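These notes are about the structure you will find just below.
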Amino acid sequence: MAPVDLASWPRTEDAALAEQRRLRPLVEPRGAAPAPGSLVAGVDVAYDDERNTVAAAAVLLDLGTLEVIEESTAVGPIAFPYLPGLLAFRELPAVIDALAGLRQRPELVVCDGYGLAHPRRLGLASHLGVLTGLRTLGVAKTPFGFDHQDPAPERGAWSPLLDRDSGEEVGRALRTREGVKPVFVSVGHRIGLTEAVSCVLALTPRYRLPETTRHADSLCRRTLAESLAAHS
DNA sequence: GCGACAG
DNA sequence: ATCTTGTCGC
């Protein structure tokens, strides 16, 4: 996997918007779910704004057993400010570095955030998919700017996540645990929405968030804390 | 113009 | 995202 060249990474809002327009037509919003024994990666990042440092983690799990197979991390400078709708430019350089450190290639990458459920239909999950060619999906914890009805209380229940203007279904509010707030699933790249939802259910046998996300979250936090200690 | 706003 | 303790519950 080609590492990111930070020298040519967008630095301004205009450049980032132009890059989204360029990549958007390359998203493939259909495709099968990976087979039960496939390797699935979870990715996440943690920040230290004081030191302009970001730590990313990629954790590889067996989709069938949910056992951790491999871990990889990357630490680097924060590549972009946080602007809603441009999150990918902040997170992806470190995420791609972490993914590049995995010895085995995942058949799916689960991202913390959105894919097609995005103002310009290029959230970080889709962006990552187009840049790497990997199959991706997004799982977000809040509805961003979209409308939805509360799904029925049982695990597996869902309702469409709708664009406020067009009414288009851009994702699904999915109940991964009975009686707990839903998560918001959207297609990233090379997978359909129904298939993405079934993957997320396979990854949430017990908690609200996918096992992939939970492992990646704790690993990137640990990595950031260790890099902090090492530099003081 | 104002508020809302993935992480 | 991050600042932050104890506490209720499975």
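Below, chains carry the letters A, B, ... as their sequence lines are ordered, and counting in each starts from 1. Values in this document were obtained by computation on a predicted structure and should not be read as measured data.
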(Q) Measure CD/A:E91 against P/B:dG7 and give the value in whole Å, please. (A) 9 Å
Q | DNA chain C: stems of at least 3 consecutive Watson-Crick or G-U pairs whose donor-acceptor distances fall under 3.5 Å | A | none
**Q.** Donor-acceptor contact present, side-chain A:R175 to main-chain A:V180, <3.5 Å
**A.** yes
Q) Does a side chain donor of either A:S38 or A:E107 reach within less than 3.5 Å of an acceptor in the other side chain? A) yes
Q. With stacking defined as ring centroids separated by under 5.5 Å and planes differing by under 30°, is A:Y47 stacked against B:dG7?
A. no
Q. Quick check: does any side chain N or O of A:S72 sit under 3.5 Å from a backbone N or O of A:A98, one acting as donor and the other as acceptor?
A. yes
Q | Least distance between heavy atoms, A:R51 atom then A:L228 atom | A | CD-CD1, 3.8 Å
Q) C:dA1 P sits how many Å from A:L86 CG, rounded? A) 18 Å
Q: Could you give me the CA-CA distance, side-chain angles and deciding distance for A:R155 and A:T204, then say whether side chain to side chain donor-acceptor pair (under 3.5 Å) is met?
A: CA-CA 10 Å; A:R155 169 176 150 82; A:T204 52; 3.1 Å; yes
Q) For B:dG7, does either OP1 or OP2 sit under 4.0 Å from a side-chain N or O belonging to A:T142? A) yes
Q: Compare all side-chain heavy atoms of A:C199 with those of A:I191 and state whether any distance is below 4.5 angstrom.
A: yes
Q: Would you mind reading off the distance between A:L224 atom CG and C:dT2 atom P, rounded to a whole angstrom?
A: 8 Å
**Q.** A:E168 and A:R121 ion-paired at < 4.0 Å
**A.** yes
Using a cut-off of under 3.5 Å, enumerate the N/O to N/O pairs linking the protein to nucleotides 3-9 of chain C.
none

Q.
Please report the distance, rounded to the nearest Å, between CG in A:N52 and P in C:dA1.
A. 19 Å
Q: Determine which bases of DNA chain B form Watson-Crick or G-U wobble pairs with both distances under 3.5 Å, and write the result as a 5' to 3' dot-bracket string with | for other-strand partners.
A: .......
Q) Under 3.5 Å, is there a donor-acceptor pair between the side chain of A:R172 and the main chain of A:V185? A) no
(Q) How about CD on A:E50, more than 12 heavy atoms from neighbouring residues, nucleotides or ligands closer than 6.0 Å, or not? (A) no
